[in-house]
**Q** 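A single structure is presented below for examination.
Quantities reported herein were computed from a predicted structural model and do not represent experimental measurements.
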Amino acid sequence: MNYPVWEVFSAGGGFLIALISIVHVYVAHFAVGGGLFLVMTERKAYRENAMDILDYVKTHTRFFLLLTLVFGGLTGVGIWFVIALYSPSATSRLIHVFLFGWAAEWVCFTVEITAILLYYYTFSKISRSRHLILGWIYFISAWLSLFLINGIIAFMLTPGEWIETRNFWHGFFNPSMFPSLFFRTAVALVLAGVYGFVTASFIKKDALRETMIRYCAGWLLLPFGFMILFAVWYVLALPEDIRAMVLEYSPETAFYGKAFVVLLAVLFCGGLVMAIRMPHAVKKPMAFFMLAAGLFYLGSFEFIREAGRRPYIISNHMFSNSIEPSQAEKINKSGILKAAKWSRTKEVTNDNTIEAGRAVFSLECLACHSVGGPLNDIAPLTEKYSASGMEALITGLGRLNTYMPPFFGTEKEKKALAEFIAKELHGKIEPDRPAPPAKRKTDIPSFDPDSDEYVLLAWSATGMQSISDCSDILVFQPPGTTIHAQLIKRGPLPEVITRNVEIAYSVEPGFKNPSGQVSFWENAPDIYGRSVEPDTGLAGFGVQGKMAHKKELNAFAAEQVPVVPYPDKDGFMPYPLFNVKAVDRNTGDILARTSMAAGVSTELGCKSCHGGEWRVSGKAGISEATAMDILETHDKNEKTELAARAEKGSPVRCAECHTDPAGKKNGDTDGKRSDSGGILNFSAAIHGFHANYLSGKTGNTCLECHPSRSTGKAGGLRDIHMATGLDCTDCHGTMEDHSIALLKQEREEGKSVDRLMEHLTPVHAESVDEINPRTPWVQQPDCLNCHLDYGPPEMGTAAGFNKWTDDEKGLYRMRSEELGMVMCQACHGTTHAVYPAENMYGENRDNIPAMQYQKTPLPLGTNRNCSVCHTMDMDFEIHHENMTTPFRNDWILDD
Amino acid sequence: MPAQALIPAPDILPVHWGWLRLLLVFTFVLHILAMNAMLGSGIIAFVNTLRKGGGTGDTVNRGISRKLPFTIAFTVNFGVAPLLFLQALYGQFIYTSSVLMGVFWLSIAGLVIIAYYSAYIYNFRFDKQHASSSLYIGIAVVLMLMVAFLFTNNMTLMLNVDAWTRYFDTPDGTMLNLSDPVLFPRYIHFITASAAVGGLFIALAARLGAKGPENEARIDLGMKWFTYATAFQFLAGTVFLLSLPGEIRQLFMGQDTFATVLLTAGILLAAALVILGFKRKVLSCSAAVLVLVCGMAVIRDLVRQAYLDPFFNPADLPVRPEYSPMVFFLITLFAGLLVIGYMLRIAAIRNREVQ
C-alpha cells in the first residue's frame, strides 16, 4: 500500500524470512541456554577440579562464539533486513511502536558480545571467580535480549490492550508474553544440551566424552517437563480466536502441529538414548541427528506461532499483506491499484487485465504466496480453479476461510486478479462460447379442431431437472423427472377426464437406456440400502409406462421417471421428448396423442471451483475428479471423512445428513434418511455456503452453477420471462437474498447459521430482517406476486422475490386455475419454459402442445381461443381473471 | 508519475524527533569509528600481505589479525543503533530504497558472515603462517569493501527520490544508485577515511601498548597510512563536495553559516591532522580525529536533511508522546555501560596464579 513491493515471485511467501529466521532462532536460543551451560560447566570443572572438562568448556566456547556471535548475530541483523524488504510497513510499525525496546535490546546485545569476547579471550588468564562473573553477565544479558525480543514477537501474536491504548507497556507485557518467555527459556536450556552433544561428541578421550554426553543429556532432559508445561500454558493463554486458529482452522498447523509433537518425542527419546553408553561411531552421527531434530522442532513451533497470527502480521492491527483493517473501506472504494502508492498500473482496463491482475497479486498475495517458489506456492493451491471459480474463491476470503485476509479492492480488480492466476499462471483459456446446438425439427402431432374430441396436455413438472450423475462418489439429485398430463374432453362444457382412461408415456428412442449412461443403478444398494430396477426411477416408474391418476391434482402423473440427458449415441441432449397417449380403457381406442420435452441437465458448474473436466463429451456431467474434490473440500471444512468413504466404494448421499424437503419431491424419503441433528437442509447448506463466495457479484450468479445460461449447453431459463429481460434474481433474489431466506428458516428451526450468514448482505431488501424465511422447494415465489389478479405486471418493478407460497400446494407446478379443474402448467407450460418458450435445441421444442392445438406457441386459450376446448367462443373469464386480455408481448412471435 | 508522490506516509514517533536525531548522530559516530578501524586496518593488512615484505608488515598484521574479529563485532553492533534511529526518523526513505536494492541489501548479511569467518580464519591461522593467509584477509577486505559500497548506495538512494521511478522497470530489488554522480566520490571519501583511521587505530594500539621496537614500527606504519590518507582526503573530499547537487554544495559554501563554519573548521582540522601526522603525534591525532569525525557526522546529517528538504522535515512527523520507554532505554544504556566498564576492569586484572 505504502511501500514498493519487492517482486521476487519465486521467493514470495516470506521464503527468505522463514529461511533466515529459523536458523537464526535456532542459534539465538542456543546463545541463551548455551550461556548458562558454559558457566555451569565451567563451575563443574572447578568444583571437580577436572581440567579436561575445563578444556572442553574452552573448545565449546570457541564453537559457541563462532556460531552465536558471528552467525547468530548476523542472521539476526539479516532478519531485520529481510522483514523490511518483505513487509516494510509492518517492520516500520514494529520499529516505531517499540523503538526504545529495540534500543534497549541493542544495549543488551552490546553487553552480550563484550562479555562473550572477554570470556573467550580471558580463559585461564584471569581469576576463576572473575571469569565466571563474565560468563554470568553474558548469560544474563543474552536472556535479557530474549526477554525484550520475546515481548515484541509475542505482541505480534497477541497485542492485547495495546490495540486500544497504543501504550508501549501494554503492547510489551501482552497476554502471551510470559508464557512465551518461559517456553523459550526452557527451549533454550534444552537446546544447550542438544548443541552440547555435538561438541562433546568430538572429545577424543572416551571416558570424558561419555561423561560429557551424559551431562548434556541431563541438560536436555531436565527442563523438558517444564518446556511441555509452558507450551500448554502458552496455548491456554492465547485468546480464543487465536487458539481456535491454531488448533482448528489453520491448514498449516495440521502439519506443523504433528511435526512439533513428533519431534518433541524424538528429542526426548533421543536424549535418553544419548545417555546410554554406545560406540562413538554411533553417537557422533546421532549428535548431528539431534541437532537437526532440534532445528525442525523449533522451526515447526515458529511456523505454528506464525500460523496462529493469520490472517494478520500484527493481530487485529495489520493484515499479512500490510493492509490495515481501517483502510479497507477506502481501498474498496478507490481500488487497491489507486490506493497503492507504488503501483504502476493504476486501473483495470480491457487491455491490461493480466498486468493489472499481476499488480494486485504483488500487492495483496505475494507477502504470503510465492509463484513457483518453495514456500506456499500459489500454483498448486489454485490449479483447479477456472477464472470465475478463482474469483469466487477470492470473494470468500476472510469469510468462511478466516485464515486469509479478505480481498481489498474493486470487483474489477478482483476479476483481474482471478484472471491473472487462472489464465496467466495456469494457462487456462476461457472456452469459446459454444456454438449453439443444431436446431432439430420438432414434429408437432396432429390435431383436427373439427373432428378431434379430446385435448391431451402433457408437461414436465419442473422446467429443468438437474441431476447429479457422479453416483460412484456422491448423489444429491437422483435421475428422475416428473411428468404430468390432463385429458380434456372437448365440448361447450369441457370435462377433465380421469376415469376409464389410461395415459401412457414413452421416452423417445435413444433415451430408453439411462442405466447404460449413469452408474446410479449400480450404486443404488449402497446409496439407498435397496436395489432399484435398472432404468426405473425411485418411485417405480420406468422410461415408459402408464401414468398414475393423482386425485389431488385432478391429473395423471409419472413420478421420478429416470431420464438422463445422454442419448445412446454420444453426446448431450437435455430435452428428450416424451410421447404421451390417452387410451380408452374399455375399448383400447387411442383418444388423443401429444408429445412434450422434459428438461433434464447435468450441466452443473461445480468444476469451476472443484476442478476436473466435464464428464461427458466436454459438455456436461460431474466427473469423478470434481466429485471427489467436493467431498475433500467438505472434509477439510467440516472435519468429515467423506472422501475416504467414497474411495472405499460407498458413495455419499448428501441428503443423509442434509435432509431436504426436496427429498420428497425426488421420492427420496426412504432408505437411510436420518434425523438432521441440527445440520442444515441441503438447499440452505449449499446456497448458504457458496453465497459467501458468489456474493457481491453483478449479474446473475445463479448461472455459475445452474444450467440456465443462454450461452450454455442447456439454456434452462428459456421462456417469455427471459425474453423480456428478466433473470433468476428477479423472482428468487440474488444469491445473498436467496440464501438468507433459506438460512433464516433454518435458524427458526433452531439450527446454527450465523457463520454462513455473517457476511451476507441482502441486495433486494434493506436488511436481513426484511427477508422472509422460506423452506426450499415448498415455498417459492408466487406468479401472482407480479401478475396481480393474473394481470400484466407493473413495468420495471419485477417483485417476485420475498413473497413465498404458503406451502407446496401453492406452487405453480401443483396448482390449478380458479375452478380447480385445469392445472396452471397445462395451459401455460412448465416452469421456466412457460409459453411461448424458445428452446435452443429447436424453436418449438417446449411449445409442442400449444403448437399442436393452436398452431401458435401461446398459452392455451390465449387471444380468446376458447374453442380449443370449448369448441366455441366464450365470453366470461371463468378460469381466471384477465384471461381474455390479448397477448401483450406478441413481438416475441415476430422474431 | 512525480517521484515525490511515491514517498510513503511515515509512522508515528514516540518522542520529539530531536532526540532521535541526536541518538542517530551519536551512535553513527560509534559505528563509523569502529567501521573505519575495521576496514582501514583490514586494507592495511591486506596491502602488507601483498607487499610480502615480512618484518614490519607481519608484526602489524599479527596485531590486526587479533583485533579484526573484535572490530567486526563492534562495527556490526554499533551499526544496529544508528540504523534503528535512521529507520525511526527516515523510515519512509530507507525502507523504500532498501526494497529497491533488496537483493543487494539482503546480501549484506551473507557477505558480512563470510568476511567475519574469513577474518577468524585469518586470525586462527596467522601464527601457523599459512600460505593462504593473504587469501583470507583478501576475501574479508574485498567483502567489506563491497558491503561499504552497498551501504553508500542505500544511503544515497534513500535521498535520491527522483531515481525511485526506476523501480517500475526493475521491481525485483536489483537496482543500485549508480547513476548518482555523488555515489563514487562519497564512497571514495569514506574508504579514504577508513584507511586513515585504520592507520591511526594501529598506531594508537601500539602507542598504548608496551614500548619497544615492534610497536614503534607499528606506529610508523600506522601514522604513515593516516597521514597520507588524510592528505589524499583533500582531493577526495573536494571531489565529493563538488559532486553534491549545487544547492546543497552552496549551503556549505556560504549560504548557511553553521554548515559553512562546520565544514571550514573540519577542513582546517584535517590540515592540522596532516601536520600532526607527520610529527607522529598519535594521541593528539586520535583526540582530534574524534572531534573531526563528530563534526563530519553532523555535516553528513546536514547533507541528508538538505537532500530531503524539498519534501520532508522531521519536525512534521506525527508524534504520540510516550517518554517512559526512552527513560527505560537510557537507564538500560547507563547500566550497560557500567557493566561493560566493570567487565573491562576485571578482564584487565591478569591472574598469574591461573596462568
**Q** Taking side chain as everything from C-beta outward and backbone as N, CA, C, O, which of these in A:Thr114 sits under 4.5 Å from a heavy atom of chain B? Side chain, backbone, both or neither.
**A**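 Both backbone and side chain.
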**Q** Using the ring centroid of each side chain, check whether B:Phe328 and A:Trp169 are separated by less than 6.0 Å.
**A**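 Close enough - the centres of the two rings lie under 6.0 Å apart.
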**Q** Measure across B:Val80 and A:Phe109 and return the closest heavy-atom pair with its distance rounded to 0.1 Å.
**A**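 Closest approach of B:Val80 to A:Phe109: CG2-CE2, 4.2 Å.
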**Q** How long is the span from the OG1 atom in A:Thr110 to the CG atom in B:Leu337, to the nearest 0.5 Å?
**A**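 Between atom OG1 of A:Thr110 and atom CG of B:Leu337 there are 8.5 Å.
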**Q** Considering only heavy atoms from C-beta outward, does the side chain of B:Thr332 approach that of A:Phe100 to under 4.5 Å?
**A**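 They are not in side-chain contact.
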**Q** Going from CG on B:Leu84 to CD1 on A:Ile95, what distance comes out if it is rounded to the nearest 0.5 angstrom?
**A**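 It comes to 5.0 Å.
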**Q** How long is the straight-line distance from CZ of B:Phe329 back to CG of A:Leu99, given to the nearest 0.5 Å?
**A**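 CZ of B:Phe329 is found 8.5 Å from CG of A:Leu99.
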**Q** Quick one: closest heavy-atom pair of B:Tyr95 and A:Ser92, and the distance?
**A**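 Scanning both residues, the minimum pair turns out to be CE1-CB, 3.3 Å.
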**Q** Looking at every heavy atom in both B:Ile349 and A:Ile126, which two are closest together, and how far apart are they?
**A**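 Closest pair (atom of B:Ile349, atom of A:Ile126, distance): O-CG2, 3.4 Å.
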**Q** With rounding to the nearest 0.5 angstrom, report the CG to CZ distance, A:Leu66 to B:Phe124.
**A**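 Atom-to-atom, A:Leu66:CG and B:Phe124:CZ are 5.0 Å apart.
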**Q** Measure A:Val77 against the heavy atoms of chain B and call it side chain, backbone, both or neither at under 4.5 Å.
**A**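 Contact with chain B involves the side chain of A:Val77 alone.
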**Q** Quick one: CD on B:Gln87 to CH2 on A:Trp102, what's the gap to the nearest 0.5 Å?
**A**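 The distance works out to 10.0 Å.
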**Q** Short question: side chain of A:Arg130, backbone of B:Ile346 - any donor-acceptor pair under 3.5 Å?
**A**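 No, the answer is negative, given that no donor and acceptor are paired below the 3.5 Å cut-off.
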**Q** Can you tell me how far apart CZ (B:Phe74) and CG (A:Leu117) are? Round to the nearest 0.5 Å.
**A**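 B:Phe74 atom CZ to A:Leu117 atom CG measures 6.0 Å (nearest 0.5 Å).
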**Q** Are side-chain heavy atoms of B:Asp169 and A:Arg344 found at a separation under 4.5 Å?
**A**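 Counting from C-beta outward, B:Asp169 and A:Arg344 do come under 4.5 Å.
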**Q** With side-chain contact (heavy atoms from CB on, under 4.5 Å) as the criterion, how do A:Phe71 and B:Tyr117 come out once you've worked through the C-alpha distance, each side chain's angles and the decisive distance to 0.1 Å?
**A** CA-CA 9 Å; A:Phe71 190 78; B:Tyr117 281 126; 3.4 Å; yes
**Q** Any donor-acceptor pair under 3.5 Å linking the side chain of A:Trp6 with the backbone of B:Pro171?
**A**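 Not a single qualifying donor-acceptor pair exists.
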**Q** Can you say whether the rings of B:Phe70 and A:Tyr121 are parallel (under 30°), tilted (30 to 60°) or perpendicular (over 60°)?
**A**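 Plane angle between 30° and 60°, so tilted.
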**Q** Taking all non-hydrogen atoms of both residues into account, name the closest pair between A:Leu65 and B:Tyr120 and its distance.
**A**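 Residues A:Leu65 and B:Tyr120, closest heavy atoms: CD2-OH, 3.5 Å.
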**Q** Which answer fits A:Leu148, side chain, backbone, both or neither, if we ask what part of it has an atom under 4.5 Å from a heavy atom of chain B?
**A**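 For A:Leu148, side-chain heavy atoms alone lie under 4.5 Å from chain B.
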**Q** With a 4.5 Å limit on heavy-atom distance, are the side chains of A:Trp106 and B:Phe78 in contact?
**A**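 Side-chain contact under 4.5 Å: yes.
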**Q** Please classify the contact of A:Tyr120 with chain B as side chain, backbone, both or neither, using a heavy-atom distance under 4.5 Å.
**A**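 For A:Tyr120, side-chain heavy atoms alone lie under 4.5 Å from chain B.
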**Q** With a 4.5 angstrom heavy-atom cut-off, could you sort out which part of A:Thr91 is near chain B: side chain, backbone, both or neither?
**A**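 Backbone plus side chain of A:Thr91, per the 4.5 Å heavy-atom cut-off to chain B.
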**Q** Side chain from CB out, backbone as N, CA, C, O: work out which of these in A:Val5 comes under 4.5 Å of a heavy atom of chain B, or both, or neither.
**A**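 Interface part for A:Val5: both.
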**Q** When you compare the side chain of B:Leu344 with that of A:Leu118, does any pair of heavy atoms fall below 4.5 Å?
**A**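 Yes, close enough: below the 4.5 Å cut-off.
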**Q** Specify the closest pair of heavy atoms between B:Val99 and A:Ala84, including all atoms of both residues, with the distance to one decimal.
**A**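 Taking B:Val99 first and A:Ala84 second, the nearest heavy atoms are CG2-O, 3.9 Å.
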**Q** side-chain contact (heavy atoms from CB on, under 4.5 Å), that's the test. Do B:Met343 and A:Val111 meet it? Break it down for me.
**A** CA-CA 9 Å; B:Met343 286 195 293; A:Val111 175; 4.0 Å; yes
**Q** B:Ala73 and A:Ile113: which non-hydrogen atoms are nearest, and at how many Å?
**A**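 Minimum heavy-atom contact is O-CD1, 3.7 Å.
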**Q** Indicate yes or no for a side-chain donor-acceptor contact from A:His96 to the backbone of B:Pro14 under 3.5 Å, with no hydrogens or angles considered.
**A**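 The answer is no, because no donor-acceptor pair under 3.5 Å joins these two groups.
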**Q** Name the orientation class of the two ring planes belonging to B:Tyr167 and A:Trp342 (parallel below 30°, tilted from 30 to 60°, perpendicular beyond 60°).
**A**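 Aromatic pair B:Tyr167/A:Trp342 classed perpendicular.
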**Q** Quick one, B:Val103 with A:Leu85, criterion side-chain contact (heavy atoms from CB on, under 4.5 Å). Give me CA distance, side-chain angles, the key distance, then yes/no.
**A** CA-CA 9 Å; B:Val103 171; A:Leu85 296 181; over 6 Å; no
